[in-house]
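Below, all heavy atoms of this structure are taken into account, side chains as well, without hydrogens, waters or symmetry copies.
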Amino acid sequence: MKFKTLFYLFLVFLISIGLNAQFFSFRSLSTGGILDDDLEAIYSLTEMTNIEGFNLYTNLSNLTLSEQLINGISQNYMVGLKGSLMDMLHFGLISVSNKNSNTDSSITEDRVFRDTNGDQIYDLFNKETIQDYSSYTSENSDNYFGFLFGKKEGVKVGLSYSRDFYKYAESMQTITAGLDSNIISSSLIATYFEDYNYDYLSKNKIDLFNLAVGFAAEKMEITGSFNFAFLTVSSSYVGRDTIFNNFAPGNSSIHNYDKSDNYSNRNYVSPRFNLGFGLKGYYRMNEDSLEFFTGLQNNSYKPFYLFDDEYNASVTVTPGLVTDEIYSSIDSVSTLDSASVINYSLISLGIGGKYVKKIENAYFGIGLAFSQSKSNEIDTIHYLLLSRENYDNGDGVTDINDYTYTETGSYTQESIENNLISTITVPVGVEYNFLKNLFGRLGARTTFSWSNNYQSDRVLAYSPVIGEYIYGDGSNYQVIIENPSQREDSNTKSKGFSYNTQYTYGLGWQISKNLKLDIMGFSNLIDLSTWSFSLNVKF
């Protein structure tokens with residue numbers, strides 16, 4: 001799969017998570033998303049009236065299932081609270097932050113002794129030193145603030161703001177230095193040097209505003225919501241590989257070396273705007289409940305700018321008849337920022353519901369959800385090609401044996417890609433009160449997914465690749481290197497189907513009226529480092 005296609009699939013994933021995901025509680029996670037808890041009520045905004053008192057939520061790992069809590073260090077942190085004033089103004093806050101970083105460095109030195117003439121005496125010594133350095137930093141923060149005006153029954157009006165931020169930075173450098181020396185004479189024969197490094201940075205930011213209006217009666221509630229979001233996705237990559245090999249290090253009057261410089265610079269910047277609408281409602285029958293939801297998201301994108309600049313340059317210098325013999329070359333491919341834009345649109349629709357039944361000491365629930373997303377991308381990129389060679393044979397005379405050769409060309413290509421992805425999700429969950437204050441939870445979530453993909457590529461404009469020789473005596477010669485007499489377009493259609501089932505489990509312990517503990521990730525009972533804890537304190 002092309003890098004560009006993978007990058008867009010990542011964007012679709014990012015937007016779907018950023019705009020539609022919730023801060024899931026352990027109760028919801030361990031029952032396949034069937035049984036909600038306080039965190040879901042806070043995020044749903046209008047359901048905050050169902051949470052009594054002042055609540056504080058805190059844990060180290062509310063969004064991950066394998067956190068090093070014992071004998072390790074966690075940088076994940078979650079805090080949340082819900083409170084109210086005069087039973088009319090309700091507010092909620094949820095904040096999750098995560099930061100991980102790592103730095104590695106090493107120095108390796110290898111020595112090799114050789115007998116080059118078979119006299120059983122080492123006469124050649126080679127030494128190579130490699131210095132490796134690498135680091136990465138991954139950090140993200142999700143912050144939610146919600147305010148609701150209204151009572152448990154009647155009209156409710158709420159406003160929320162979410163800020164999601166993600167950053168990933170990676171750096172790497174490898175420096176290799178080597179030499180060949182004559183052991184007998186202790187003279188240097190050759191030295192080698194290479195510096196390979198790159199820096200990668202990716203940033204994603206979402207600012208989401210949501211307005212919700214709901215009406216609740218004794219056994220039912222219905223809520224409509226409108227949201228809009230500003231999104232920015234950007235990434236940059238700068239890499240360089242520099243090589244210098246000197247084959248006459250012991251004599252400054254002799255030039256005999258080769259060097260190269262390979263450089264790559266890629267940048268992607270995509271600002272966008274999202275509009276969404278949603279409708280949610282439920283009906284309660286004593287301790288049973290029936291819930292439905294639907295939503296529509298329309299992502300309108302400003303032009304997606306792409307910049308790509310790559311070149312490979314090399315120089316070889318050897319002793320000539322009079323002066324140095326020099327050969328140099330450079331190859332480059334670049335896209336022009338002003339002409340290379342990607343227009344991208346995404347529409348997502350979701351609808352579903354769930355039914356929860358109270359059975360003796362247990363709650364059993366089953367749900368059904370259907371979602372569909374349709375994306376359309378038109379990618380128009382203008383490529384500029386450049387190649388140059390220079391040669392001086394080192395005889396001290398500028399004549400027809402010396403030359404400069406240049407190749408230039410360009411073309412504009414249009415690529416179209418359409419994707420239609422349909423998904424059916426069937427979650428099932430159960431919570432059983434097997435002891436007075438202890439609850440066991442099991443969940444399964446089966447997902448069926450169908451995909452249809454269409455891709456086409458065609459050349460809109462083409463400038464033939466022309467090569468030109470300019471010789472030392474002033475003469476020149478041009479030749480058309482590539483001028484195709486036919487245009488090659490392609491169309492590809494593909495379909496796909498997949499399904500999978502995820503199983504989850506957990507425990508809930510109502511320690512007291514004001515304290516509740518939820519646990520997940522305890523498959524290995526003697527290894528507490530795999531356990532995750534969530535704590536709710538009520539005042």
Would you say D195 and T242 are linked by a side-chain donor-acceptor pair, where the criterion is simply a distance under 3.5 Å? no

Is there a donor-acceptor contact under 3.5 Å linking the side chains of E310 and N265? no

Ignoring hydrogens and angles, state whether a donor on the side chain of N419 or N453 is under 3.5 Å from an acceptor on the partner side chain. yes

CG of D207 to CG of N274, rounded to nearest 0.5 Å, is 12.0 Å

Is it the case that N256 and T318 place a side-chain donor and acceptor less than 3.5 Å from each other? no

Do N500 and T447 meet the criterion of a side-chain donor-acceptor pair at a distance under 3.5 Å? no

Do other residues, nucleotides or ligands put more than 12 heavy atoms under 6.0 Å from E468 CD? yes

If we count only N and O atoms by modelled type, under 3.5 Å, do the side chains of N182 and S187 hold a donor and an acceptor together? no

More than 12 heavy atoms of other residues, nucleotides or ligands under 6.0 Å from OH of Y161: is that the case? yes

Please determine, by modelled atom types, if E325 and Y391 share a side-chain donor-acceptor pair under 3.5 angstrom. yes

D402 side chain vs N393 backbone, donor-acceptor pair below 3.5 Å: yes

Applying side-chain hydrogen bond (donor to acceptor under 3.5 Å, both in side chains), run through N390 and D392 and close with a yes or a no. CA-CA 7 Å; N390 295 284; D392 182 348; over 6 Å; no

Would you call the rings of W450 and F497 parallel, tilted or perpendicular, taking 30° and 60° as the class edges? tilted

Using 30° and 60° as the class boundaries, would you call the ring planes of F247 and Y192 parallel, tilted or perpendicular? perpendicular

Y499 atom OH: more than 12 heavy-atom contacts under 6.0 Å: no

Give a yes or no on whether F209 atom CZ has more than 12 heavy-atom contacts from other residues, nucleotides or ligands under 6.0 Å away. yes

Between R27 and D518, is there a salt bridge with N-O shorter than 4.0 Å? no

Indicate whether any N or O donor in one side chain lies under 3.5 Å from an N or O acceptor in the other, for E170 and Y168. yes

So, F244 versus F193, ring centres under 6.0 angstrom or not? no

Short N-O contact, E407 and R388, less than 4.0 angstrom: no

Using a distance-only test with no angle check, is there a side-chain donor-acceptor pair under 3.5 angstrom linking S101 and T137? no

Name the residue from T492, N491, N376 that meets the side chain to side chain donor-acceptor pair (under 3.5 Å) definition with Y454. N491

Using only heavy-atom distances, determine whether the side chains of Y311 and D261 contain a donor-acceptor pair under 3.5 Å. yes

Would you say S314 and S329 are linked by a side-chain donor-acceptor pair, where the criterion is simply a distance under 3.5 Å? yes

Could you verify whether a donor N or O on one side chain and an acceptor N or O on the other, from Q413 and S415, lie under 3.5 Å apart? yes

